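As structure tokens, the structure follows; a few thoughts come after it.
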Amino acid sequence: MSPPAILQDPVSPTVPSKKLNLPHSSAVPVGGQTKTETIEAMAGDWQSFTFRPIRESQVSRAMTRRYFSDLDKYAESDVVIIGAGSCGLSAAYCLAKARPDLKIAIIEASVSPGGGAWLGGQLFSAMVMRKPADAFLREIGVEYEEDGDDSNYVVVKHAALFTSTLLSKVLQFPNVKLFNATAVEDLITRPREDGTIQIAGVVTNWTLSCMDPNTINAPVIISTTGHDGPFGAFSVKRLVSMQAIKCLGGMRGLDMNTAEDAIVKGTREIVPGLIVGGMELSEVDGANRMGPTFGAMALSGVKAAEEVVRVFEQ
Ligand code: 48N
């Protein structure tokens, strides 16, 4: 069996080359002035190979300098998105693209962002999205297959392809910062003249610790923390405990057709300063759940981003 094409030397295809013949990468280090090595130049010549020298403190400083500079920069954000699941990431993508002037902080409790969108359902990897959510897949450049006799839905070959592509796009926006392994443990509030409250930021803590918290001020929060569970539905449960809303409607049984329309159409500002989307909203409105179909998560994120733009244009 001949070696995989990538290992074959283009000059003499029959004789496998010792070197990897990777197509030349156009990626260049941002702001990097030094000469960049190529894999091709390194492969096959490991005897003389060595990494450039470093001092351990340089690694620590490279990380901590940037982290604390970001904490300082985003201590006053324009928008905070709680939860980097499919809805929160979709909202972040749309908002960052529509409003490059807005500073957007994403707070994600897990070390690994993405929420429940790494698999399509149970352990099945394909992800189903009902039309017209295929428009969002085209927007972010994720390939999909048309499926079903009436082609009312599309299928992404692996949910991780959707989630990793969306995550990658979001992280490349210069006006977005993801703080993962960081949990929102409370909301910052301000009294309003009519006796109600305005949400004005979030209180955070490193998820793996219970030290004194940190804070981020922001005039608008999007909360997409998912349906109820150990971490889920954080903000709406907190609104009930601070008596900003009377009670939760509680997520209802599975009904894809009813659930997905309700979540997208219902995405809105629940209390001044706090927009709720995705499955967290099902807990407020008593909406049905939709199970393993994700179009509503993406389009709820689109609508949440629109709601933020509306708030800023008021
Ligand atoms: O994926 P989720 O849970 O939430 P959504 O709304 O983005 O997507 C929901 C979707 O995955 C489904 O549940 C599907 C469609 N199934 C529906 C059904 O009927 O079964 O992401 C929420 C994210 C997670 O990554 C959490 O770690 C994070 O929010 N999170 C938090 N991050 C920071 N601070 C918190 N307090 C917090 N709580 C949750």
Side-chain angles (χ1 to χ4, degrees), residues 80-94 105-122 124 127-130 133 136 156 159-160 162-163 166-167 170 178-187 201-208 210 213-216 221-239 241 250-264 266-267 274-305:
V80 172
I81 297 176
I82 313 172
S86 46
C87 183
L89 290 173
S90 302
Y93 172 86
C94 294
I106 307 173
I107 313 294
E108 167 54 51
S110 169
V111 169
S112 51
W118 289 108
L119 288 166
Q122 202 168 297
F124 309 132
M127 174 185 263
V128 173
M129 278 204 185
R130 292 163 62 203
F136 190 74
V156 178
F162 166 74
T163 305
L166 178 57
L167 187 56
V170 166
L178 168 66
F179 293 96
N180 47 328
T182 303
V184 168
E185 62 175 36
D186 210 342
L187 299 170
V202 293
V203 177
T204 64
N205 214 327
W206 282 322
T207 310
L208 313 176
C210 51
N214 186 30
T215 62
I216 298 182
I221 313 294
I222 297 178
S223 190
T224 58
T225 62
H227 49 63
D228 200 358
F231 268 112
F234 169 81
S235 298
V236 293
K237 286 190 287 191
R238 187 65 183 110
L239 290 181
S241 69
M251 180 176 74
R252 303 293 156 80
L254 197 148
D255 171 351
M256 286 186 181
N257 289 292
T258 307
E260 291 216 285
D261 286 356
I263 293 291
V264 175
T267 298
L274 183 73
I275 294 158
V276 175
M279 287 312 285
E280 185 170 7
L281 183 70
S282 70
E283 299 293 351
V284 180
D285 294 346
N288 292 91
R289 61 185 298 196
M290 69 293 287
T293 172
F294 286 81
M297 298 306 107
L299 298 189
S300 172
V302 174
K303 186 149 189 291

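Start at 1 and go down the list; that is how both ligands and their atoms are numbered. Source: prediction; values computed, not measured.
- Of the listed options G291, S110, A296, G116, G291 places a heavy atom closest to atom 15 (C) of ligand 1.
- Atom 38 (N) of ligand 1 has its closest protein heavy atom at F231 O, 2.9 Å.
- Nearest protein heavy-atom neighbour of atom 37 (C) of ligand 1: T225 CG2, 3.8 Å.
- Contact annotation: the side chain of K237 never approaches that of E283 to less than 4.5 Å [non-hydrogen atoms, C-beta and beyond].
- Comparing L281, T293, V184, T204 by heavy-atom distance to atom 34 (N) of ligand 1, the nearest is V184.
- The single protein non-hydrogen atom nearest to atom 21 (O) of ligand 1 is G85 CA, 3.5 Å, given as residue, atom name and distance.
- The G115 neighbourhood of ligand 1 comprises atoms 1 (O), 21 (O), 24 (C), 25 (O), with distances under 4.0 Å to a heavy atom of that residue.
- Nearest to atom 31 (C) of ligand 1 among the protein's heavy atoms is A109 CB, 3.7 Å.
- Checking only distances, F234 never comes within under 3.5 Å of ligand 1, N or O to N or O.
- Below 4.0 Å from some heavy atom of G278 lie the following atoms of ligand 1, by number and element: 6 (O).
- Backbone and side-chain nitrogen or oxygen atoms of A84 are examined, and none is located within less than 3.5 angstrom of a nitrogen or oxygen of ligand 1.
- Counting heavy atoms closer than 4.0 Å to ligand 1, residue R289 contributes atoms from both its backbone and its side chain.
- The closest side-chain donor-acceptor pair between S235 and R238, if any, does not fall under 3.5 angstrom.
- You'll find the side chain of T224 stays beyond 4.5 Å of the side chain of V276, heavy atoms only.
- Rounded to the nearest 0.5 angstrom, S86 OG and L166 CG are separated by 8.5 Å.
- Those atoms of ligand 1 that come under 4.0 Å of a heavy atom in A183, given as number and element, are 33 (C), 34 (N).
- Side-chain contact between D186 and P213 is absent, with no heavy-atom pair separated by less than 4.5 Å.
- The shortest contact between atom 13 (O) of ligand 1 and any protein heavy atom is with M279 CG, 3.5 Å.
- With a heavy-atom cut-off of 4.0 Å, H227 touches ligand 1 through its side chain alone.
- The two atoms that bring L89 and V170 nearest to each other are O-CG2, 3.4 Å, heavy atoms only.
- For atom 4 (O) of ligand 1, the closest heavy atom belonging to the protein is G226 CA, 3.4 Å.
- Contact of the F162 side chain with the F136 side chain is registered, since non-hydrogen atoms from C-beta on lie closer than 4.5 Å.
- Ligand 1 has a nitrogen or oxygen under 3.5 angstrom from a nitrogen or oxygen of C87.
- Any N or O atom pair closer than 3.5 Å counts here, and M251 shares no such pair with ligand 1.
- Within the 4.5 Å cutoff, no side-chain heavy atoms of M129 are placed close to those of V156.
- Of all protein heavy atoms, the one closest to atom 8 (O) of ligand 1 is M297 SD, 3.3 Å.
- Listed for the N288 side chain is a donor-acceptor partner under 3.5 Å among the backbone atoms of G253.
- A heavy-atom separation below 4.0 Å is not found between L254 and ligand 1.
- Contacts between T224 and ligand 1 below 4.0 angstrom, taking non-hydrogen atoms only, involve the backbone exclusively.
- Considering both main-chain and side-chain atoms, E108 comes within under 3.5 Å of ligand 1 through a nitrogen or oxygen pair.
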Exercise for review: Take T267 and S300, measure what side-chain hydrogen bond (donor to acceptor under 3.5 Å, both in side chains) needs, and give me the verdict at the end.
Suggested key: CA-CA 6 Å; T267 298; S300 172; 2.7 Å; yes

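- Put simply, CD1 on I107 and OG1 on T182 are 6.0 Å apart, with the number rounded to the nearest 0.5 Å.
- Listed by atom number, the atoms of ligand 1 under 4.0 Å from T182 heavy atoms are 33 (C).
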